[in-house]
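Note: hydrogens, waters and symmetry copies are ignored here, and every other heavy atom, side chains too, is used.
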Amino acid sequence: MSWLHDVLEAVFAVLAWPSAIYFIVANTSMLVLILVASRHFARYLRRSEHRGEDAMAGSPVSLGVTVIVPAYNEGAVILTSVRSMLDLRYPDHEVIVVNDGSADETMALLKEEFALVEDDRDLPGRIPVRGRLRGVWRAPEGAVPLVVVDKENSGRSDSVNAALDLASKELVVMVDADSILEPDALLSVSKPFADDPDRVVATGGVVRIVNNSRVLGGRIVELRMPKQLITRIQVVEYLRAFLLGRTAWSDLNALILISGAFGMFRRDVLVELGGLDPDSIGEDFELVMRIQRWIRDGHREARVRFVAEPVSWTEAPSTLKVLARQRRRWHRGLWEVLWKFRGMLLNPRYGRVGMLALPYYWLFELLAPLIELVGIVIVVLGLLVGAVDPVAALLLLLVSYGYGTIVTLAAVVVEEASFHRYERWRDLAAVLWAVLAESLGYRQLTAIWRIQGWWAALTGRKQVWGEMTRTGFAGATASGSIASGQAERGD
Amino acid sequence: MSELLPPELLRLLLLAAALATLAMLVTLLAQRTTRRRRERRRAELDAIHRRLVLESTIAEDDELPALLDRVRGLDDASRAHIGRSVFMMLQDVTGEAADRLRQVAAASGLAPRVTAAARHRSAVRRADAAEALGRLAPEGALELLLALAEDRDPEVRTVAVRALGEFEHEAAVARVVRALAEDSGVPSTVAATALLQQGGAASDRVRLALRDPDAGIRRGAARIAGLLQVPGSADELVALLHDDHESVRLAAMRSLERMPVREALEPLVGIALAGGTTGEAAARTIASMPSEWSAPALDALDGAEPGVRRAAGLKRREAAA
């Protein structure tokens, strides 16, 4: 085995320092993003007494909002979900549910509950829709502002496009049927549009994990950390990457990803851009990238903003199988979108998006699992055959996982200082345990799944969504027993 | 690699990592403990003073002075807590109860603090002061708010304009109308909402603003003329359907939905037939008018694009057939 020893020694000699530097830069970049976000939160919270959201809550001059809810086999949650969407505190909003060819009782439940009548008005046809429309229904005149589109199954993006075509308000917000919006969510996520109506074209709200929390009537009445360790780790991941990371990118005016589970857009811009791309796996990411390109190509003074306070709660995968499928899909989507928009990479014409955000996503999101796994294999094999110095291995461990854990801990400190959603001491302990546990197997597993997703994209394998079952929120604890599917669309 | 990394440096790195971790854990615990202690203290003060504040809110005129004296006699921490509680309550309370609460706030000594904060060098503090001046309306609040509405910081101007919505004085209305201007730095929705709050007192100014040379002012005025049912504004709104700025035309259409004018139908049909977002808005406005007026106009939209037909409430051709 001396050849293996020699090879590993040579490889390690070449790659050790670049790898160490890579992890130092990756973790430091995340730390910088967290610091930028913490500065943003400090400014935001200092203004809590004069933000004036309540003044706008009853104002009839607020921009109207269409809430789009694509639904596929959502019988367990659809009524609670639609009622809570209709009850959101906002002066002018309508809800459009798209039944995407559900095989369950989703459509029947909606028809019965809201006494829907057929809407035989003309269809605009501004955006091409692939799935055949079976019919459009609406609540009787003077009842609730609800429209239901019944169509053949053609996927989430196509369903959103169908609703977008019928939307009548100035703003549209896309929400998953299994998501729970906080009562003021629309007020907060639309505030950037009200503050800067000529420039803001899209906003994203933060998505957090609802598993194990008590939910009544579509509202969270008691927030708790999830029970399963893998879901707890996802809470920490969401906190670091979604809440803090996106806040920082927004502050840097380089936000390129808004969660599809809770994103608000100017309708005219979406119509001009042709809606969501039904062929894209990472349709939310793809849409925001298209918007960013549209802004820069047209030399438009437009902005994409992230809002940290309004929260959309979603169930996260609680089994390894579902999590694996989700991460494969996410990474596949990441690769496809980054590749599609590769012309923007390091292109000064696209400003901070091209020069800062995209290089970050290529280097520290797309390539990270590859570099991490290669590093692990070389170090472990090298240690086994004695080709790697244990001190050097320890150093690599320190700069990758140790530093990464400290960065995540910093994210938890910022959350505690700003929004501190988890108030129970035991939840704080669970968060801290998750911070530590993330590096003890979870990160490595997700790295494998991400590589698999990337490989599937490169080899052109078909994306499979899988079956989905849902327990529903009504009067119970969100159990997180989703088998697959919509929970994977948390981002 | 280890050759380039002396063991001492590695030890130092490990020590630094351990210290950083420890520091963050201590920070976490300190934050949580401090916050809990503060919340407990607030809850205690709430329990002690809630009854006094509520009694003041519903007290008869002759009972109120004694209750206010009790507030004045409290220690600094209690008065500060009452002032803050009242400030928060005023967000949701209106009418006579709100007037009482304002008197409680005055007795708690909040007004001088707010007045002083209006001149603070921090823009955030000035904006907070503007918000409080609007809610508490202490003596001299209008003058201070008018001054804050000219602040160099747009955030302070925005809050001040919003707060001016509480005042029906001519000067307040004039300042809010000016805040509708495109370069005012104040979001138009904030200024428009403030004008709506001023209600009838703003009507004359709004009617005049429909002819303002600034497109932002015309747009804002056009948007709220219908909501306020401003007398004599109908002809101006019809004229604004031909405005150079699309946003002004759209705002005029929204108002005409609430103030139907027969003369608006002809230009609206023309706009609707041109299609697009504006065409859809025009169709919606036509559909909102009394059916005896709108029927011929809706017939004229039969050949319009589908989006316009939908906005007008016209059936799909196959459904109609």
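Proximity to chain B is limited to the backbone of A/R51, based on heavy atoms less than 4.5 angstrom apart. Interface residue A/D119: backbone and side-chain heavy atoms are both found under 4.5 Å from chain B. Residue A/A13: no heavy atom, backbone or side chain, is found under 4.5 Å from chain B. The parts of B/T21 that come within reach of chain A are both its backbone and its side chain, each placing non-hydrogen atoms under 4.5 angstrom from that chain. With a 4.5 Å cut-off on non-hydrogen atoms, B/I224 touches chain A through its side chain but not through its backbone. Interface remark: B/L196 contributes side-chain atoms only to the contact with chain A (heavy atom separation under 4.5 Å). Contact of A/V412 with chain B is made through backbone and side chain together, with heavy-atom distances under 4.5 Å. If you measure heavy-atom distances from B/T193 to chain A, the contacts under 4.5 Å come from both the backbone and the side chain. Neither the backbone nor the side chain of B/R258 has a heavy atom closer than 4.5 Å to any heavy atom of chain A. Neither the backbone nor the side chain of A/E415 comes within contact range of chain B, judged by heavy atoms closer than 4.5 Å. Proximity to chain B (any heavy atom under 4.5 Å) is restricted, for A/L432, to the side chain, taken from C-beta onward. B/S255 does not touch chain A: none of its heavy atoms, backbone or side chain, sits under 4.5 Å away. In this structure, the portion of B/V159 lying under 4.5 Å from any heavy atom of chain A is its side chain and not its backbone.
For a heavy-atom cut-off of 4.5 Å, chain B lies close to A/L398, A/I406, A/L409 in residues 398-409 of chain A.
Surrounding CZ of A/R46 are at most 12 heavy atoms belonging to other residues, nucleotides or ligands under 6.0 Å away. Annotation: B/R125, atom CZ; neighbour count of heavy atoms from other residues, nucleotides and ligands within 6.0 Å does not exceed 12.
Your options are A/V388, A/L428, A/D196, and the one with the most heavy-atom pairs under 4.5 Å with chain B is A/L428. Per-residue counts of heavy-atom pairs under 4.5 Å with chain B were compared for A/P60, A/S48, A/G125; the largest is that of A/P60. By number of non-hydrogen pairs under 4.5 angstrom with chain B, the leading residue of A/S62, A/S59, A/P124 is A/P124.
The main-chain N or O of A/E423 is found under 3.5 Å from a side-chain atom of B/R32 such that the two form a donor-acceptor pair.
Between atom OG of residue A/S168 and atom CZ of residue B/R284 there is a gap of 5.5 Å, rounded to the nearest 0.5 Å. To the nearest 0.5 Å, atom CG of residue B/D128 and atom CD of residue A/E49 are 5.0 Å apart. Atom CH2 of residue A/W425 and atom CZ of residue B/R36 lie 6.0 Å apart, to the nearest 0.5 angstrom. In this structure, A/R47 CZ and B/E155 CD are separated by 4.0 Å, a value rounded to the nearest 0.5 Å. Here OG of B/S188 is found 7.5 Å from CG of A/D198. Values are rounded to the nearest 0.5 Å. Within the model, atoms CZ of B/R310 and CG of A/D122 stand 8.5 Å from one another, a figure rounded to the nearest 0.5 Å.
In this structure, B/T27 and A/E416 have side chains that are not in contact, with every pair of non-hydrogen atoms separated by 4.5 Å or more. By the 4.5 Å heavy-atom criterion applied to side chains, B/E305 and A/R126 are not counted as neighbours. In this structure the side chain of A/R267 reaches within 4.5 angstrom of the side chain of B/T277, judged on heavy atoms.
Under the 4.0 Å criterion applied to side-chain N and carboxylate O atoms, B/E280 and A/R121 are not assigned as salt-bridge partners.
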- Query: How far apart are the C-alpha atoms of B/Q31 and A/H420, what are their side-chain angles, what is the distance that settles it, and do they pass the side chain to side chain donor-acceptor pair (under 3.5 Å) test?
  - Reply: CA-CA 10 Å; B/Q31 281 174 340; A/H420 43 81; over 6 Å; no

